[in-house]
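Just below is one structure, and these are the notes that go with it.
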Amino acid sequence: QVQLVESGGGLVQAGGSLRLSCAASGRTFSSLAMGWFRQAPGKSREFVAAISRNGDNTRYADSVKGRVTISRENAENTVYLQMNSLKPEDTAVYYCASKISTFYGSTFSALQPYDFWGQGTQVTVSS
């Protein structure tokens, strides 16, 4: 079992920034590939960003590329999502997810591979 707890969401004006955090426990963090997803009201959950277990590889959705940076600090068991130049369409509940990964450099953009999910943190961007 892996427990994931997101924090850092909130209300921000368009053009602003937020940094989301996801603290993991229950398993050696460096064995986990991590991802961020989001779900807006009435929409399906969608991929935002992913990072490999060693932090060397990252992947981003086209809708956030250039505005969002995913990073991890294995010593702190935490993955981050730095979001800049936020837009109203970024409004959603943001979830982090973990997957036990055999390969150090693998990233995962689909929902299905992920084993555990956090409870989500709300991000609201006002226009």
Side-chain angles (χ1 to χ4, degrees):
Q1 285 279 359
V2 176
Q3 293 78 43
L4 302 171
V5 180
E6 301 97 334
S7 60
L11 173 63
V12 64
Q13 289 188 330
S17 298
L18 280 175
R19 188 195 198 201
L20 306 184
S21 300
C22 173
S25 61
R27 192 171 183 96
T28 302
F29 187 63
S30 59
S31 70
L32 304 174
M34 302 296 294
W36 284 96
F37 292 78
R38 67 186 181 186
Q39 187 166 17
K43 295 188 176 182
S44 301
R45 193 170 297 189
E46 64 176 9
F47 170 72
V48 176
I51 190 165
S52 60
R53 56 181 285 191
N54 61 6
D56 285 352
N57 295 323
T58 58
R59 191 191 303 197
Y60 298 94
D62 288 343
S63 58
V64 302
K65 202 171 291 183
R67 301 188 296 119
V68 164
T69 302
I70 187 171
S71 62
R72 65 189 295 158
E73 180 55 67
N74 284 354
E76 297 178 359
N77 296 342
T78 303
V79 62
Y80 302 97
L81 189 70
Q82 177 68 45
M83 302 189 294
N84 301 322
S85 302
L86 283 162
K87 305 175 182 180
E89 51 264 43
D90 294 318
T91 295
V93 178
Y94 283 70
Y95 299 89
C96 74
S98 69
K99 174 180 169 41
I100 299 169
S101 178
T102 301
F103 300 105
Y104 286 92
S106 296
T107 58
F108 305 90
S109 60
L111 277 71
Q112 291 83 357
Y114 287 93
D115 306 303
F116 298 98
W117 294 81
Q119 82 289 348
T121 185
Q122 176 70 48
V123 171
T124 303
V125 184
S126 63
S127 57

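Counting only distance, with no hydrogens or angles, the side chain of N74 and the backbone of N54 share no donor-acceptor pair below 3.5 Å. Put simply, the side chain of N57 gets close to the backbone of G105: a donor and an acceptor are under 3.5 Å apart. Looking at T78, its side chain does come within 3.5 Å of a backbone N or O of E76 through a donor-acceptor pair. Put simply, the side chain of T121 never gets that close to the backbone of S7: no donor and acceptor are under 3.5 Å apart. Put simply, the side chain of E6 gets close to the backbone of G120: a donor and an acceptor are under 3.5 Å apart. Between the R27 side chain and the V2 main chain, no donor and acceptor come within less than 3.5 Å of each other.
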List the steps, then state whether side-chain contact (heavy atoms from CB on, under 4.5 Å) holds for E46 with F37. CA-CA 5 Å; E46 64 176 9; F37 292 78; 5.9 Å; no
W117/L111 under side-chain contact (heavy atoms from CB on, under 4.5 Å): CA gap, chis, key distance, verdict: CA-CA 10 Å; W117 294 81; L111 277 71; 4.0 Å; yes
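Side-chain contact, Q122 with T124: a donor N or O sits under 3.5 Å from an acceptor N or O. R59 and S109 form a side-chain donor-acceptor contact under 3.5 Å, judged by distance and modelled atom types alone.
Residues F116 and Y94 fall within the same hydrophobic cluster, defined by Ile, Leu, Val, Met, Phe, Trp and Tyr side chains chained together at heavy-atom separations under 4.5 Å. Connection of Y80 to W36 is not established within any shared hydrophobic cluster, with ILVMFWY side chains joined at heavy-atom distances below 4.5 Å, either directly or through further cluster members. Residue V12 is grouped with residue L81 when hydrophobic side chains (ILVMFWY) are merged at heavy-atom distances under 4.5 angstrom, including chains of intermediate members.
In this structure, K65 fails the cation-pi test against Y60, since its NZ or CZ atom is not both closer than 6.0 Å to the six-membered ring centre and inside 45 degrees of the ring normal. Remark: R53 fails to qualify as a cation-pi partner of F103 under the 6.0 Å distance and 45° angle criteria applied to the six-membered ring.
The side-chain contact (heavy atoms from CB on, under 4.5 Å) with Y95 is formed by just one residue from the set Q39, Q119, R38; it is Q39. Applying side-chain contact (heavy atoms from CB on, under 4.5 Å) to S106 and the options S52, P113, S101 leaves one that passes, S101. Each of V48, V64, D90, L20 was evaluated against M83; a single residue qualifies, L20, per the side-chain contact (heavy atoms from CB on, under 4.5 Å) test.
Distance CD/Q1 to CG/D115: 10.0 Å, rounded to 0.5 Å. Note that OG1 of T69 is 10.5 Å distant from CZ of R19, once rounded to the nearest 0.5 Å. In this structure, OG on S127 lies 14.0 Å from NZ on K87, to the nearest 0.5 angstrom.
Nearest heavy atoms, T107 versus A50: CB-CB, 4.1 Å. When all heavy atoms of S85 and S17 are compared, the pair lying nearest together is N-OG, 4.4 Å. Nearest heavy-atom pair, G9 versus V123, reported as atom, atom and distance to 0.1 Å: CA-CG2, 4.1 Å. When every heavy atom of L32 is checked against every heavy atom of S98, the shortest pair comes out as CD1-CB, 4.1 Å.
Side-chain rings of F108 and F47 stay apart, their centers remaining 6.0 Å or farther from each other.
When side chains are defined from C-beta on, R72 counts as touching F29, because their heavy atoms get closer than 4.5 Å.
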